[in-house]
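A, B, ... follow the sequence lines: proteins, then strands. Residue 1 opens every chain.
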Amino acid sequence: MQLYDTLTRGKQELPPAPGPVRMYTCGPTVYQRIHIGNARPFVISMWLRRWLAERGYDVTLVENITDVNDKIYDAAPGQSAALAAQAAQWYLEDTERLGLGRPDHEPKATETIPEIVGLIEELVRGGFAYEAGGDVYFRVARFPDYGRLSGQRLDQLEDDEDPSQLKEDPRDFALWKATKEGEDTAWDSPWGRGRPGWHIECSAMAEKFLGPTFEIHLGGLDLVFPHHENERAQSQAAGREFAQLWMHNGMLEFVGEKMSKSVGNVASLHDVLERWGRETILVYFLTGHWSKPVDFSEDTMEAARARVESFREVFRGASEPAREGEWERLVAALDDDFNTPEALALMHGWRDHDLLRRALDIFGLASLAEEQEAPSEIVKLAKRRQEARAARDWDEADRLRAEIEAAGWEARDAAEGFQLVPR
RNA sequence: GGCGCCGUGGCCGAGUGGCUAGGCAGAGGCCUGCAAAGCCUCGUACACCAGUUCGAUUCUGGUCGGCGCCUCCA
């Protein structure tokens, strides 16, 4: 099993199965409903977990919920805790509807404060961090490997505009921030009341549930710098090996532009679920390689919807024996950097119901194999139509077909009888 | 300015040093009372310019274009 690794900029081999694969995925900062782009790392993580399990690994997946953060304070001044709780609930509900199950652990930053404080204390003790005015900062200059993950050179970073005098070095970043007026959440620490900085919570949560080293760290490409660079610096400075392999999923683009709140072109996962349904969303994500950007548009979603229908058609037809080596080809595609577009192309050629259902199930799409039963009144109309056809009363048959169609179903003439398909 | 990803037929999107990707859309045909679905056939694509090579869409260099990130910001 090979996966593309950001750190080494090449495919890395996973240890051979069987064995443990510990995965950590950067989940959402909860201050609003997540958008369809935020759903991608969740979907990829769940799929990869299922695939690795299929391949004989013992997988543990942790996906955090960051529920204390500047963005949350900004979004709900004085009431950030309530907003975070609400948005976390939305996140759980929306991702639940994808029908992929849940990660093994979904810790919240606010439930990991003791571990966060402990990790910061270690860093201070080791000289990798320093307290300044109730804040604690990471001393970037003390960690020579800083910048390796993102390929950033320290001397080339843009100048920090922040006139704050607290930092020794403008490149240093906050591990702990003293509580400020208007912030409604704060915890005691050796440096006074305050709350975690942005990156430290992931280092603490990963270690709490996975230990000092783990096989895979996953997250959006936009998190490479500074978020993951900083996570890595903190944990490694504290003596942990941390992640062995870094996966960064590509962004969703909306007419050639990244989907993001600041551009105002977001589509919430909730809304997209309402509009297109879970199966179309999952097939849509299947069409692009996880590491590459994908276009999100009416056209790309419509094409995904058509693929969904085409799989359903296969199950409406007769099962045919698979050709030699079909499953092995799927395995080869997925074992090579989890190439789902290739896997999807292979599946489109399959007519063996059992094999296809098994493959689709990896991606949470076994439901495509389920027959969709028409309500009895529709079946009655179809039977009347069948009788009209037997009597060669084509006008009546066409009228009934229109009636069935108006009710949302399509009447198809079959060799014997008829078939009803939802429109 | 720095780091990185990418540019494939109408659209989306894999992949490969010479051998059919796949899907959507489109054209023709078979089937059908008419349809739908299905099946068959059809598009000689790989930004541009050099170079390496017997041969490059695939390797190397450059050009142009798009996108992400460059410390609290998505």
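One finds a side-chain N or O of A/Asn339 lying less than 4.0 angstrom from the OP1 or OP2 phosphate oxygen of B/G15.
In this structure, A/Phe173 and A/His199 have perpendicular ring planes: the angle between them is above 60°, well past the 30° mark. Using cut-offs of 30° and 60° on the angle between ring planes, the pair A/Phe296 and A/Tyr284 is perpendicular.
The side chain of A/Asp398 lies closest to B/C34, out of B/U71, B/C24, B/C34. The side chain of A/Ala397 has B/G33 as its nearest neighbour among B/G33, B/A21, B/A36. With B/C72, B/U71, B/A14 as the candidates, the nucleotide lying closest to the side chain of A/His289 is B/A14. When distances are taken from the side chain of A/Ala174 to each of B/G33, B/C72, B/U71, the shortest belongs to B/C72. Here the nucleotide nearest the side chain of A/Ala345, chosen from B/U71, B/C72, B/A21, is B/A21. Of the candidates B/A14, B/U71, B/A37, the closest approach to any side-chain atom of A/Glu313 belongs to B/A37. Looking at the side chain of A/Tyr146, the nearest of the listed nucleotides B/A35, B/U71, B/C72 is B/U71.
Ranked by how close their nearest RNA chain B nucleotide is to the 5' end, A/Gly349 and A/Asn38 are led by A/Gly349. In terms of position on RNA chain B, the residue among A/Leu344 and A/His199 whose nearest nucleotide sits closer to the 5' end is A/Leu344.
Look at CZ on A/Arg40: it is 14 Å from P on B/G68, rounded to the nearest Å. The separation between A/Phe311 atom CZ and B/A37 atom C1' is 17 Å, rounded to whole Å. A straight line from CD of A/Glu309 to P of B/C24 spans 11 Å, rounded to a whole angstrom.
Look at A/Glu377 and A/Lys380 and you find no salt bridge, because none of the NZ, NE, NH1 or NH2 atoms lies under 4.0 Å from a carboxylate O. A/Arg33 and A/Glu274 are not joined by a salt bridge, as no carboxylate oxygen comes within less than 4.0 angstrom of a charged side-chain nitrogen. For A/Arg351 and A/Glu326, the salt-bridge test fails: no basic side-chain N is under 4.0 Å from an acidic carboxylate O. In summary, A/Arg139 and A/Glu168 engage in a salt bridge, as defined by a charged side-chain N under 4.0 Å from a carboxylate O. Using a 4.0 Å cut-off between a side-chain N of Lys or Arg and a carboxylate O of Asp or Glu, A/Lys167 and A/Asp135 do not qualify as a salt bridge. Salt-bridge check for A/Arg357 with A/Asp354: passed, with a basic side-chain N closer than 4.0 Å to an acidic carboxylate O. The pair A/Arg358-A/Asp361 does not meet the salt-bridge criterion, since no charged nitrogen lies less than 4.0 angstrom from a carboxylate oxygen.
The structure places CH2 of A/Trp47 at 7.5 Å from CZ of A/Phe285, a figure rounded to the nearest 0.5 Å.
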- How does protein contact run along nucleotides 3-12 of chain B, one letter per nucleotide 5' to 3', with B for base contact, S for sugar-phosphate only, - for none, heavy atoms under 4.0 Å? S--S-----S
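Taking atom P on both B/C11 and B/C46, the two are 13 Å apart, rounded to the nearest angstrom. One C1' atom belongs to B/A45, the other to B/G13, and the distance between them is 13 Å to the nearest Å.
Side-chain contact of A/Thr287 with A/Arg307: a donor-acceptor pair under 3.5 Å is absent, judged by distance alone.
Using a 4.0 Å heavy-atom distance criterion, A/Arg401 is classed as a base contact. Counting non-hydrogen atoms under 4.0 angstrom, A/Arg392 reaches nothing in the nucleic acid.
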Between the protein and nucleotides 39-46 of chain B, list the N/O to N/O atom pairs that are separated by less than 3.5 angstrom.
| residue | atom | partner | partner atom | Å |
| --- | --- | --- | --- | --- |
| B/C39 | OP1 | A/Arg351 | NH2 | 3.2 |

- Task: Represent RNA chain B in dot-bracket notation, 5' to 3'. Only Watson-Crick or G-U wobble pairs with both distances under 3.5 Å count; pseudoknot-style crossings use [ ] and interstrand partners use |.
- Result: (((((((..(((.....[...))).(((((.......)))))....(((((..]....))))))))))))....
- Query: Checking side chain to side chain donor-acceptor pair (under 3.5 Å) for the pair A/Asp184/A/Tyr73: CA distance, chi angles, key distance, verdict?
  - Reply: CA-CA 8 Å; A/Asp184 58 317; A/Tyr73 290 124; 5.6 Å; no
